[in-house]
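Notes to accompany the following structure.
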Amino acid sequence: MTTLIKEKEWKKYILAALLFTIIFVVLEVAPMIASTSKLPYDNGVIAKEEAVNRATAFAETLTGRTVERAHAFHQSDKLLNGYLAKEKLIEQYVNEYDEKLPTDTFQVNVTFGDGGTGFLYVHMYTGEVVAWNMLPDESMPSDQLQKTVIAELMLERGLRGVGVEDIWLADNGSWVADLPDYKIGEAELQVTARTATIQNKPVVTQFKPVFHAPDGYIQYVKKQDFWAGVLTGVGYLLMSIVLCILAIIYAILYRKHTSFKYGILLTVVFLIAYIIMNVNMLDGIRASSGEDYMGEGVIVFTVLLTLLMTIPMAGSVYISIVAGDGLWKAQGFHVWPRFREAGYGQYVWRSMGLAYLLALIMLGLQPIIFRALEAIIGTWGTSDVTMSPYNMKLLWLMPVLAWAAAISEEAVFRFFGIGLFRRWFRHSFAAAILPTLFWALGHVMYPFYPSTTRLIELMIIGLLFSFIFIKYGFITAMFTHAIFNSVAVGSSLFMVGNTADMISAIFFIVLPVLIAYVIKKWHEKRVGGTPAVPPGMPDPSSRL
């Protein structure tokens with residue numbers, strides 16, 4: 001049987017788990033709760049259906065046309081949010097401007113029955129339409145009349161200090177007004193507007209007040225995003241392809257040490273989870289495209305492309321499991337016990353228990369790393385609509401991504417990656433460095449700046465995952481990763497979800513307990529629990 005986990009192993013980590021749980025609550029949970037309590041609104045976020053109704057009524061009143069279709073999703077000003085976070089101006093902005101000029105809205109895309117589209121931005125708490133951009137095919141009033149109605153609308157909306165003479169025509173045909181009296185840090189307010197003649201009356205068909213972050217900040221972010229893209233492309237995508245090719249080669253070379261039956265079930269689970277995850281995130285893709293309207297054909301194509309992309313992803317996971325199994329067995333190590341082995345059910349049960357303690361330690365460690373990076377390199381974060389819980393089609397399924405990531409990343413970068421490099425370097429710690437680097441580079445495009453933030457953070461977290469894998473085996477590492485991700489994702493469901501979403505969050509957090517219990521009982525019934533130690537299968541951590 002496997003001896004990777006001793007009976008009392010959990011005692012080594014119980015105090016650390018308790019300590020880091022407290023740290024996690026103090027540094028992560030409490031600030032999250034406090035940030036919502038500081039919002040100047042009595043109610044919570046309105047439902048998307050209400051946003052659609054408000055936007056539809058507004059669009060039909062403004063244009064005199066009938067809205068045929070409307071769809072709402074979460075939109076966010078990533079640049080401004082990032083600037084406010086960097087300069088620690090979020091609370092000031094919320095108190096001074098958020099009620100009329102929110103950085104986060106529900107963007108509602110509408111299609112009119114007789115042609116034309118529109119984009120409306122609804123306040124997520126008040127339900128007020130705060131900005132819009134209609135694209136009807138209408139004639140234009142005279143320039144003077146256009147400037148007059150725009151100035152009147154700004155006054156009506158509480159934006160003072162701008163007269164008709166202050167409104168100027170931009171090269172793209174929009175009217176622009178700078179409002180220097182409205183300022184947050186170095187970000188200044190600018191209104192972009194257009195008008196059209198509708199039913200013989202001048203109507204403002206575009207009205208978009210936006211605080212523009214300073215040019216220096218914008219250029220810095222662009223540069224950081226560029227290099228993050230390069231690092232992701234070369235360090236993660238390219239190396240993932242290389243690892244996949246090597247996995248195919250080593251699966252063939254070491255086929256006598258493994259079986260091509262291994263990993264099929266886990267690959268199927270990953271495939272289902274990955275498909276659910278990507279289809280569930282379609283609204284995030286819509287949001288990231290801004291006002292580039294996505295028709296039904298584009299959406300269908302995106303779904304089909306996503307489904308096609310899951311095939312090579314699943315193939316990579318499967319072949320990594322087969323090749324990794326062959327590599328570790330050829331080196332005489334037992335990092336993934338099998339169901340037919342005596343003691344397997346007990347090992348899975350102990351793996352699960354240990355995984356919760358280790359995940360709690362890592363959850364507490366992560367905010368410490370971020371605080372340290374904030375002090376040392378000035379780390380800050382911003383919004384990401386692609387991962388917004390408000391953009392999940394079925395929010396209760398959001399934790400599925402926790403398992404998709406845990407299965408694929410532990411299989412490719414730990415089980416196969418470390419096994420491969422250990423074959424080359426003959427040292428477990430040295431073998432963990434490069435796969436951890438490749439894995440970390442796959443996260444540098446997350447909305448944290450400088451872009452090296454997540455690289456540094458995940459090198460630390462990744463090496464801890466590697467230690468867990470080497471010391472306690474693949475199942476423990478996968479459980480730890482899944483719990484770690486499930487708690488992180490589940491916190492979003494607790495903050496913005498309904499009762500069903502919260503139940504789902506709890507279910508996915510405790511899912512390893514259910515899985516381990518079923519496997520343990522099934523194994524005891526089918527194989528029995530009497531241990532029998534097979535020769536020649538040492539603990540890999542003994543040769544760190």
Side-chain angles (χ1 to χ4, degrees), residues 74-90 103-104 107 171-172 184-188 190 192 208 210-244 278 281 284-292 294 298 302 305-306 309 312-313 366 369-370 372-388 391 401 405 409 412-413 433-462:
H74 174 214
Q75 189 56 271
S76 183
D77 190 334
K78 180 181 177 180
L79 278 172
L80 182 58
N81 276 328
Y83 174 72
L84 295 175
K86 181 178 185 294
E87 301 299 329
K88 297 179 172 52
L89 294 169
I90 293 177
T103 59
D104 289 80
Q107 177 180 330
D171 293 338
N172 63 1
I184 183 82
E186 296 182 20
E188 295 185 355
Q190 187 178 77
T192 304
K208 300 188 73 175
V210 175
F211 276 95
H212 292 284
D215 288 338
Y217 174 82
I218 294 172
Q219 293 306 314
Y220 175 83
V221 169
K222 285 182 178 179
K223 186 176 180 180
Q224 289 289 308
D225 287 345
F226 170 78
W227 285 112
V230 172
L231 290 172
T232 299
V234 176
Y236 177 73
L237 293 176
L238 179 60
M239 294 314 301
S240 294
I241 294 171
V242 171
L243 285 176
C244 183
N278 281 276
M281 292 168 59
I285 298 173
R286 283 190 176 99
S288 64
S289 67
E291 292 187 357
D292 293 330
M294 292 182 67
V298 176
T302 302
L305 182 63
T306 299
M309 286 299 295
M313 287 287 294
Q366 189 178 49
I369 297 172
F370 273 115
L373 291 175
E374 184 178 354
I376 297 169
I377 63 174
T379 288
W380 75 93
T382 187
S383 50
D384 180 8
V385 292
T386 61
M387 295 298 295
S388 167
N391 283 334
L401 69 87
E409 292 170 7
V412 174
F413 297 103
I433 294 174
L434 284 176
T436 299
L437 176 62
F438 302 153
W439 172 70
L441 288 171
H443 298 76
V444 294
M445 290 193 71
Y446 281 48
F448 291 91
Y449 299 93
S451 56
T452 50
T453 293
R454 294 230 72 188
L455 174 60
I456 298 169
E457 173 232 342
L458 289 178
M459 280 300 296
I460 298 170
I461 296 294

- Item | From Thr192 atom OG1 to Asn172 atom CG, the distance as rounded to the nearest 0.5 Å | 7.5 Å
- Query: Backbone N or O of Pro450 within a donor-acceptor pair of the Gln224 side chain at under 3.5 Å?
  - Reply: no
- How many angstroms lie between CD in Glu87 and CD1 in Ile184, if you round to the nearest 0.5 Å? 10.5 Å
- Item | Heavy-atom closest pair, residues Ile285 and Ser288 | O-OG, 2.7 Å
- Message: As a quick check of understanding, evaluate side chain to side chain contact (heavy atoms under 4.5 Å, CB included) for Asp104 and Asn81, giving each step before the final call.
- Response: CA-CA 9 Å; Asp104 289 80; Asn81 276 328; 3.2 Å; yes
- Note on the structure: Closest non-hydrogen atoms of Thr436 and Leu458, given as atom of the first, atom of the second and distance, are CG2-O, 4.0 Å
- Any side-chain heavy-atom pair from Ile461 and Trp439 closer than 4.5 angstrom? yes
- Measure the CD1-OG1 distance between Ile369 and Thr453 for me, rounded to the nearest 0.5 Å. 11.5 Å
- Query: Can you tell me how far OG1 of Thr386 sits from CE of Met445, rounded to the nearest 0.5 angstrom?
  - Reply: 10.0 Å
- Item | Pairwise side-chain contact, Lys78 with Asp384, heavy-atom cut-off 4.5 Å (strictly under) | no
- Taking the side chain as every heavy atom from C-beta outward, state whether Leu401 and Met387 have any atom pair closer than 4.5 Å. yes
- List the steps and the verdict of side chain to side chain contact (heavy atoms under 4.5 Å, CB included) for Leu243 and Phe413. CA-CA 9 Å; Leu243 285 176; Phe413 297 103; 4.0 Å; yes
- Nearest-0.5 Å distance that lies between atom OG in Ser76 and atom CD in Gln107: 11.5 Å
- Just say parallel, tilted or perpendicular for the rings of His443 and Tyr446, cut-offs at 30° and 60°. tilted
- Message: Keeping Asn391 on the side-chain end and His74 on the backbone end, is there a donor-acceptor pair under 3.5 Å?
- Response: yes
- Query: Does Asp215 CG have over 12 foreign heavy atoms under 6.0 Å away?
  - Reply: no
- Task: Measure the OG1-CG distance between Thr382 and Leu84 for me, rounded to the nearest 0.5 Å.
- Result: 8.5 Å
- Message: Angle between ring planes, Trp380 versus Tyr217, binned at 30° and 60°: parallel, tilted or perpendicular?
- Response: tilted
- Note on the structure: Correct closest heavy-atom pair for Ala85 and Gly381 would be CB-O, 3.3 Å
- How far apart are the C-alpha atoms of Leu455 and Leu441, what are their side-chain angles, what is the distance that settles it, and do they pass the side chain to side chain contact (heavy atoms under 4.5 Å, CB included) test? CA-CA 6 Å; Leu455 174 60; Leu441 288 171; 3.8 Å; yes
- Item | Test ring-ring contact (aromatic ring centres under 6.0 Å, His included) applied to Phe438 - qualifying residues, sequence neighbours left out | none
- Message: Keeping Glu457 on the side-chain end and Phe370 on the backbone end, is there a donor-acceptor pair under 3.5 Å?
- Response: no
- Query: With a 4.5 Å heavy-atom cut-off, do Lys208 and Gln190 have their side chains touching?
  - Reply: no
- Where at least one partner belongs to residues 229-239, residue pairs that pass salt bridge (Lys or Arg N to Asp or Glu O under 4.0 Å), sequence neighbours excluded: none
- State which residues pass salt bridge (charged side-chain N to carboxylate O under 4.0 Å, His left out) with Glu186; sequence neighbours excluded, sorted by chain then number. none
- Query: Checking Glu374 side chain against Thr379 main chain: does a donor-acceptor pair fall under 3.5 Å?
  - Reply: no
- Task: Could you check if a side-chain atom of Ile218 sits within less than 4.5 angstrom of a side-chain atom of Tyr83, using non-hydrogen atoms only?
- Result: no
